[in-house]
Amino acid sequence: MNQVRVFAPATVANVSCGYDAMGFALQALGDEMLFTKTESKEVVISKIEGAKLPFSTDKNVVGVVAKLMLEDSKANFGVDVQIFKNFKPGSGLGSSAASASGSAFAINQLLGNKYSNIELTKFAMQGEVAACGSAIADNVAAAIYGGFILVRSYDPLDIIEIPSPPELVATIIHPQIEVKTEDSRKVIEPEIPIKTAIAQWANVGGLISGLHTSDFDLISRSLVDYVAEPARKHLIPHFDEVKNAAIEQGALGAGISGSGPSIFALSNGVETANNVAEAMNTIYKDKGIDYKIYISRISNQGAKVINPVSTSLQ
Ligand code: HSE
């Protein structure tokens, strides 16, 4: 294989109670990239559309991950990369993770599937280090494995795929401001009281059980975050109003997507997800806040090969 076009999904990390430990992939949103083998052993980013990102291989997460994998595998080729971003960095939707995971997946294709998903996740985590200074796995694992994932352990890395009911639909509103993950991580307290920890891990258990058994009431009761949301919500315009409106419209729960500023809600079925979108819309429209809104099922697929290309990549 000399060329591969890939799609890497946007992801919602944390999912309220699972700070740095849970995430899921979206079906309706993601980035596309075209990787072409070259004879020189260099990684060259020749085109970026849809976002202002560095072309320098060492500063762009796509380049960082590609270079790392080509070196690790002692590949006898380099790559030319074209990147088409469909959503902005600093959105809380795993923009850097989609780039890093898409790059890991694509290079693996060009290498004839040398690496496993857990190895690809480790490479993609190095992209997260380049992007925000922390080796976080929740977004990248969701973007590689697809579906819901649990990062059960970071050392050694242990990624668990969690089944989820097909009826679940996410509504996501993205106020058009940038929140840097690096900054958003600084507001989280490094230590929490034991009572808070108990409440939080009990909800993680509840959420995992609810997802396994399609118990929507249990999912709803468990979508509560005592750790990141209270510390971060001031970074997001009208967070409480948007969250309350989503829940009033029947959402099972709502919270901050990843490190924000996007807000996600999960609903049982498309009809409720549409009503939730309408309620979220109304709040930001009334307040004069520029935003984008997405309604998406959870993708059971992570990064994948696409053919023919569906963007302006050529
Ligand atoms: N779990 C990470 C955080 C996701 O909340 O900071 C970063 O997008």
Side-chain angles (χ1 to χ4, degrees), residues 8-26 29-31 51 53 61 64-65 85 87-102 121-122 124-145 148-155 157-160 162 170 172-175 177-192 196-197 200-201 203-204 207-208 223-236 239 243 253-264 294 302:
T11 45
V12 171
N14 302 340
V15 201
S16 292
C17 49
Y19 179 61
D20 279 0
M22 282 196 78
F24 63 83
L26 295 173
L29 185 66
D31 288 340
L53 288 168
V61 300
V64 169
V65 173
K85 300 279 309 170
F87 62 111
K88 285 187 183 151
S91 60
L93 291 168
S95 178
S96 57
S99 295
S101 311
T121 305
K122 285 181 193 168
M125 284 167 74
Q126 292 310 308
E128 293 290 63
V129 174
C132 74
S134 305
I136 321 162
D138 47 7
N139 286 111
V140 288
I144 285 170
Y145 287 77
F148 252 94
I149 60 85
L150 171 73
V151 187
R152 194 209 54 83
S153 158
Y154 271 80
D155 189 16
L157 189 64
D158 188 8
I159 306 295
I160 313 296
I162 311 293
I172 291 149
I173 194 157
H174 174 201
I177 55 167
E178 183 180 355
V179 172
K180 288 201 160 66
T181 300
E182 197 172 350
D183 299 335
S184 188
R185 292 181 77 74
K186 285 184 192 146
V187 304
I188 309 276
E189 293 294 332
E191 288 176 12
I192 57 172
T196 310
Q200 192 83 0
W201 65 52
N203 278 325
V204 172
L207 181 55
I208 299 285
L223 283 171
V224 182
D225 179 12
Y226 299 107
V227 175
E229 186 177 300
R232 284 175 164 172
K233 65 179 183 175
H234 69 280
L235 301 170
I236 301 166
F239 173 80
K243 176 176 170 170
I256 303 172
S257 177
S259 54
S262 291
I263 302 170
F264 81 97
Y294 307 100

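These values consider heavy atoms only, across backbone and side chains, with no hydrogens, waters or symmetry-generated copies. Counting starts at 1 for both ligands and their atoms, in listed order.
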Which atoms of ligand 1 are found less than 4.0 Å from any heavy atom of N14?
1 (N), 2 (C), 3 (C), 5 (O)
Provide the closest heavy-atom pair for L207 versus C17 in the form atom of the first, atom of the second, distance.
CD2-SG, 3.8 Å
Can you tell me if Y154 uses its side chain to pair, donor with acceptor, with the backbone of D20 under 3.5 Å?
yes
With heavy atoms of T181 as the reference, note each atom of ligand 1 found under 4.0 Å away.
7 (C)
Between F148 and F24, how do the two ring planes meet: parallel, tilted or perpendicular, split at 30° and 60°?
tilted
Quick one: which ligand 1 atoms are inside 4.0 Å of a heavy atom on Y19?
3 (C), 5 (O), 6 (O)
Correct closest heavy-atom pair for L53 and P89 would be CD2-CG, 3.8 Å
Between D225 and K233, is the closest basic N to carboxylate O distance under 4.0 Å?
no
Which of the atoms of ligand 1 are close to G258, meaning less than 4.0 Å from one of its heavy atoms?
5 (O)
Within-cut-off N or O pair, R232 and ligand 1, under 3.5 Å
yes
Cut-off 3.5 Å, side chains only: do E128 and S96 have a donor facing an acceptor?
yes
Which residue and non-hydrogen atom of the protein lie closest to atom 8 (O) of ligand 1, and at what distance in Å?
N139 OD1, 3.0 Å
Which residue and non-hydrogen atom of the protein lie closest to atom 6 (O) of ligand 1, and at what distance in Å?
R185 NH1, 2.7 Å
In the protein, which heavy atom is nearest to atom 2 (C) of ligand 1, and how far is it?
D20 OD1, 3.2 Å
